[in-house]
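Chain letters run A, B, ... following the sequence lines, proteins first and then strands; every chain starts at 1.
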There are 2 protein chains.
Amino acid sequence: MMSSVPPRRRIPEATVARLPVYQRSLTELREGGVATVSSEQLADLAGVNAAKVRKDLSYLGSYGTRGVGYEVEYLLFQMNRELGLSQDLGVVIVGMGNLGQALANYGGFGERGFPVGALVDTDATKVGNVVHGHTVQHLDDLEDIVGKGRIRIGIIATPVEAAQNVADLLVGAGVESILNFAPTTVHVPEGVTLRKVDLALELQILGFYQHRDAPDAAVEA
Amino acid sequence: MMSSVPPRRRIPEATVARLPVYQRSLTELREGGVATVSSEQLADLAGVNAAKVRKDLSYLGSYGTRGVGYEVEYLLFQMNRELGLSQDLGVVIVGMGNLGQALANYGGFGERGFPVGALVDTDATKVGNVVHGHTVQHLDDLEDIVGKGRIRIGIIATPVEAAQNVADLLVGAGVESILNFAPTTVHVPEGVTLRKVDLALELQILGFYQHRDAPDAAVEA
DNA sequence: CGGTCCATGTGATTGTGAACACGAGAACGC
DNA sequence: GCGTTCTCGTGTTCACAATCACATGGACCG
Ligand SMILES: NC(=O)c1ccc[n+]([C@@H]2O[C@H](COP(=O)([O-])OP(=O)(O)OC[C@H]3O[C@@H](n4cnc5c(N)ncnc54)[C@H](O)[C@@H]3O)[C@@H](O)[C@H]2O)c1
Ligand SMILES: NC(=O)c1ccc[n+]([C@@H]2O[C@H](COP(=O)([O-])OP(=O)(O)OC[C@H]3O[C@@H](n4cnc5c(N)ncnc54)[C@H](O)[C@@H]3O)[C@@H](O)[C@H]2O)c1
């Protein structure tokens, strides 16, 4: 059959990054029993300006009502469809150290459509442990784990030295999206989406602006 | 005396976000005993292209040698100066749950010039505990903690409900930079820099592209 | 049923960052 | 000391994102 969703205009990357924020705000509104919302209200909740909200939402289609606003329920449905929330994408976390365990214990991923399907490590003292209901498995079994567990996304929470190797193994096992927490550059083949989260880097950016705004503070002992 | 550092051109935000990546790569090169590096080599290490590296570095000044490359040691010195690494900025982590503890146990922040100076929570069963050498203190004492500890940056690792309140308290205590991990929008007054890290949002972005590239996978049960 | 109101949706404009191409200039060999 | 070679530094061009401004069209009232 034909594709049921006609290929709308391509959605700009910057907009894609904001859609989940709107989605979160809309979900809160729905919980609160709010039926309709204006672009201005939504902008305030999401921390952006109203014009941007309207432009962003327009990429999804014309789901608002002029003079009134957007119906929360309907807009949320359309957004979830566009974001692909209709299907859950299983996640494997590689590296069960401080960070990996915190991530594994966090319930927020499953709630948002990303159930943690498997946990992996190489350390013999960690393999076999149960974390948040999942038994930690060995990296050597990654291919099986990913294949059988319908895993679509990999999270790298290993030390820097192992990151590239783990990424290669994830790709080899069929994972198409990777989120990397190790503070290093990893390369992936085309077709695989990689995003990185570097917490120390975030602090450095904050530090830069603080330094810039008050450079003389450095003088003070 | 006059300002020793003449106000060079304003550095674009996108460049600021990349400088720490270069810095990290340069540090690795220095460890490896490499004396000079070309923009192309550095680009490869940082995962960007050579032209961007040159442009970015040019905002710091002309520290390269044409036909040769950049002297690692000297460039690193200049970069650290620009990034303000000469002075350490103390960090307070608010919320000692899964994530907060993982952050507190992480040694990478101190190494990069951001020593964790204090840990804070409200839960009576957590206050008084020692995590990674720091005694967890109560949120009520935040103002004292920030003032006496020369804390300049606050990290919010509390549940969503508490995030805005904690941010307000941090600002009230004199913190000028905040890194927020709670998946919610928090507002801060002008003059305070806020950055957010939303891990579920990162997964949603990955999920979007995966959904887009293979939308029919949704059909498959 | 016509008029008014009001927030959306979107073309136009402005601003910012990425990519490109090439001139500038330092090292090195002859 | 001259020419060659190599890589930086940067002006220019192109692409994309933010912002603006207003026409559009549905809702609602009388
Ligand atoms: N903990 C934090 O808050 C934090 C913050 C920022 C960045 N990071 C980064 O996240 C990564 C993990 O940090 P952490 O504090 O959890 O470190 P950690 O040392 O506590 O844990 C690392 C885990 O990875 C496992 N491991 C090592 N090699 C592996 C491999 N090849 N395959 C699978 N597992 C492997 C180890 O056995 C260990 O359990 C590091 O790269 C760190 O720089 C952590
Ligand atoms: N754990 C993760 O991997 C993870 C991932 C993504 C996002 N987050 C977000 O990070 C935040 C923390 O997550 P978590 O898993 O550590 O939660 P958690 O429930 O384990 O810990 C929250 C901690 O904050 C403390 N707290 C509550 N109110 C406080 C207040 N007003 N002041 C100070 N402390 C307070 C609690 O006592 C608790 O110790 C949440 O907003 C969560 O959504 C966590």
Trainee: Mapping Lys55(A) and Asp56(B) onto DNA chain C by nearest heavy atom, which one lands closer to the 5' end?
Mentor: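 Taking each residue's closest nucleotide, the earlier one in sequence belongs to Lys55(A).
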Trainee: Using only atom types and a distance under 3.5 Å, with no angle test, would you say the side chain of Gln164(A) pairs donor to acceptor with the backbone of His187(A)?
Mentor: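 The answer is yes, because a donor-acceptor pair under 3.5 Å joins these two groups.
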Trainee: Using whole Å, report how far CD of Glu13(B) lies from C1' of dT16(C).
Mentor: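 Answer to the nearest Å: 10 Å.
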Trainee: Taking the side chain of Ser58(A) as heavy atoms from C-beta outward, which of dA18(C), dA12(C), dG9(C) is closest to it?
Mentor: dG9(C)
Trainee: Once hydrogens and angles are ignored, does a donor-acceptor distance under 3.5 Å link the base of dT24(D) to the side chain of Arg66(A)?
Mentor: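 Side chain to base: pair found, below 3.5 Å.
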Trainee: Would you say dC8(D) has OP1 or OP2 under 4.0 Å from some side-chain N or O of Arg54(B)?
Mentor: yes
Trainee: Between Asn49(B) and dA18(C), does any side-chain N or O lie under 4.0 Å from OP1 or OP2?
Mentor: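 False: Asn49(B) side-chain N/O out of range (4.0 Å or more) of dA18(C) OP1/OP2.
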Trainee: Please check the phosphate of dC8(D) (OP1 and OP2 only) for any side-chain N or O of Ser39(B) closer than 4.0 Å.
Mentor: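 For dC8(D), OP1 or OP2 has a side-chain N or O of Ser39(B) closer than 4.0 Å.
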Trainee: Measure OH/Tyr59(A) against P/dC16(D) and give the value in whole Å, please.
Mentor: 11 Å
Trainee: Can you spot which of Arg195(A), Arg18(A), Arg112(A) makes a salt bridge (Lys or Arg N to Asp or Glu O under 4.0 Å) with Asp198(B)?
Mentor: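 Output: one option passes, namely Arg112(A).
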Trainee: Name the closest nucleotide to the Thr65(B) side chain, picking from dC8(D), dA26(C), dA7(C).
Mentor: dA26(C)
Trainee: Rounding to an integer number of Å, can you tell me how far Leu57(A) CG sits from dA17(D) P?
Mentor: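 Rounded to whole Å, this separation is 16 Å.
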Trainee: Tell me: CZ of Arg18(B) to C1' of dA19(C), nearest whole Å?
Mentor: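 My rounded result for the distance is 12 Å.
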Trainee: Measure CG/Leu75(B) against P/dC8(D) and give the value in whole Å, please.
Mentor: 11 Å
Trainee: Report the distance from atom CG of Leu60(B) to atom P of dG9(D), rounded to the nearest whole Å.
Mentor: 10 Å
Trainee: Indicate yes or no: at least one non-hydrogen side-chain atom of Ile205(A) is less than 4.5 angstrom from one of Thr193(B).
Mentor: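 No, too far: nothing below the 4.5 Å cut-off.
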Trainee: Can you tell me if Tyr70(B) touches the phosphate of dA26(C), counting only side-chain N or O atoms and a distance under 4.0 Å to OP1 or OP2?
Mentor: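 Answer no for this pair, as no side-chain N or O of Tyr70(B) is under 4.0 Å from OP1 or OP2.
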Trainee: Taking side chain as C-beta onward, heavy atoms only, is His211(A) less than 4.5 Å from Leu89(B)?
Mentor: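 Answer no - side chains too far apart.
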Trainee: DNA chain D: Lys52(A) or Gly64(B), which has the more 5' nearest nucleotide?
Mentor: Gly64(B)
Trainee: Between Gln101(A) (side chain) and Met96(A) (backbone), is there a donor-acceptor pair under 3.5 Å?
Mentor: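 Yes.
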Trainee: Answer with base, sugar-phosphate or nothing: what part of the nucleic acid does Glu40(A) contact at a heavy-atom distance below 4.0 Å?
Mentor: nothing
